[in-house]
Amino acid sequence: MTDTTKTELNDAELSRYSRQILLPEIDYTGQLKLAQSHAVIFGLGGLGSPVSLYLAAAGVGHLTLVDFDDVDDSNLQRQIVHREANIGQAKVASAQSNLKALNHHIKIDTLSRKLKASDVLELIQTADVVLDCTDNFDARFALNQACFKAKKPLVSGAAIRWEGQLSTYDFRQENSPCYQCLYPENNGQELTCSQSGILSPVVGMVGSMQAIEAVKALLDLPTLTGKLMIMDAYTMMIRTLNLKKDPACKQCGKL
Ligand SMILES: [Zn+2]
């Protein structure tokens with residue numbers, strides 16, 4: 001939830017974020033709003049790495065990191081928030097220490113256990129923006145449902161092989177489609193990076209864009225709500241498709 005007890009940026013913060021405050025769309029007011037904001041990041045892997053690094057660096061004042069996995073050597077090819085020295089540690093602890101080393105001005109909480117649906121909803125109710133950086137349909141459906149119920153913006157990214165996709169489902173808006181408008185059912189055919197492969201910077205491409213979307217959602221700037229961006233890093237082609245709310249959607253539909 002927006003931390004209104006923080007009423008100004010100090011000199012060190014003004015200096016740190018000066019290049020961002022220069023942007024007229026951000027300015028002092030926007031930077032203060034970022035410092036007051038709470039982003040919850042689910043998954044500290046390939047997407048969660050650039051997302052957490054950029055949101056920490058950009059000065060989002062409170063991050064909560066959620067992941068129950070440990071850092072493995074094979075993660076380091078793409079999960080750039082972790083270091084060789086972190087192998088064997090919980091991903092959230094590893095990410096927390098490396099993000100703290102990047103920006104001491106922000107607060108970082110961690111959760112390293114599997115959450116029940118009621119815990120997910122409770123946590124999301126305290127968020128200003130939620131980032132889906134997970135890699136499976138069950139988690140994606142659960143986050144979509146909780147964000148829909150709590151009326152929070154959900155920035156959802158996915159990457160596999162050379163391809164990525166991205167959208168924002170902003171449930172503060174009545175007419176926003178949801179993740180299940182796009183994927184109505186868990187068809188059991190999900191692809192994972194460990195099985196299908198992934199080019200390292202492809203997760204960086206999608207994750208950086210998720211961080212941009214999160215900043216814009218926090219500042220009420222235009223996002224990809226109602227659109228789906230599909231990126232192919234092999235051909236460097238990017239397409240943006242319109243995504244409409246499905247009246248028959250099991251999650252957000254009215255039928
Ligand atoms: Zn829907």
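Positions are given from 1 along the sequence. Treat the numbers as computed from the prediction; the structure is a model and nothing was measured.
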Kindly compute the distance separating NZ (Lys227) from CG (Leu243), expressed to the nearest 0.5 Å.
-> 10.5 Å
Heavy atoms, side chains only, cut-off 4.5 Å: are Gln180 and Phe148 in contact?
-> no
Evaluate side-chain hydrogen bond (donor to acceptor under 3.5 Å, both in side chains) for Ser74 paired with Asp72, printing each intermediate quantity in order.
-> CA-CA 5 Å; Ser74 68; Asp72 180 79; 2.6 Å; yes
Beyond-backbone contact of Ser52 with Leu44, side-chain heavy atoms, under 4.5 angstrom | yes
With a 4.0 Å cut-off, would you call Arg16 and Glu13 a salt bridge?
-> no
Could you tell me whether the side chains of Asp170 and Thr225 share a donor-acceptor contact shorter than 3.5 Å?
-> no
Less than 4.0 Å between a side-chain N and a carboxylate O, is that true for Arg172 and Asp220?
-> yes
Nearest heavy-atom neighbours spanning Val203 and Ala159 | CG1-CB, 3.9 Å
Just by modelled atom types, is the Pro24 backbone N or O under 3.5 Å from a matching donor or acceptor in the Asp27 side chain?
-> no
Considering only heavy atoms from C-beta outward, does the side chain of Val120 approach that of Leu143 to under 4.5 Å?
-> yes
Close side-chain approach of Glu84 to Leu76, heavy-atom, < 4.5 Å | yes
Flag side-chain contact, heavy atom, 4.5 Å: His62 against Asp109 | yes
Give me the ring orientation class for Tyr169 and Phe171: parallel if the planes are under 30° apart, tilted from 30 to 60°, perpendicular past 60°.
-> parallel
Indicate whether any N or O donor in one side chain lies under 3.5 Å from an N or O acceptor in the other, for Ser49 and His82.
-> no
Polar side-chain atom of Asn98 near backbone of Val81 as donor-acceptor pair, under 3.5 Å | yes
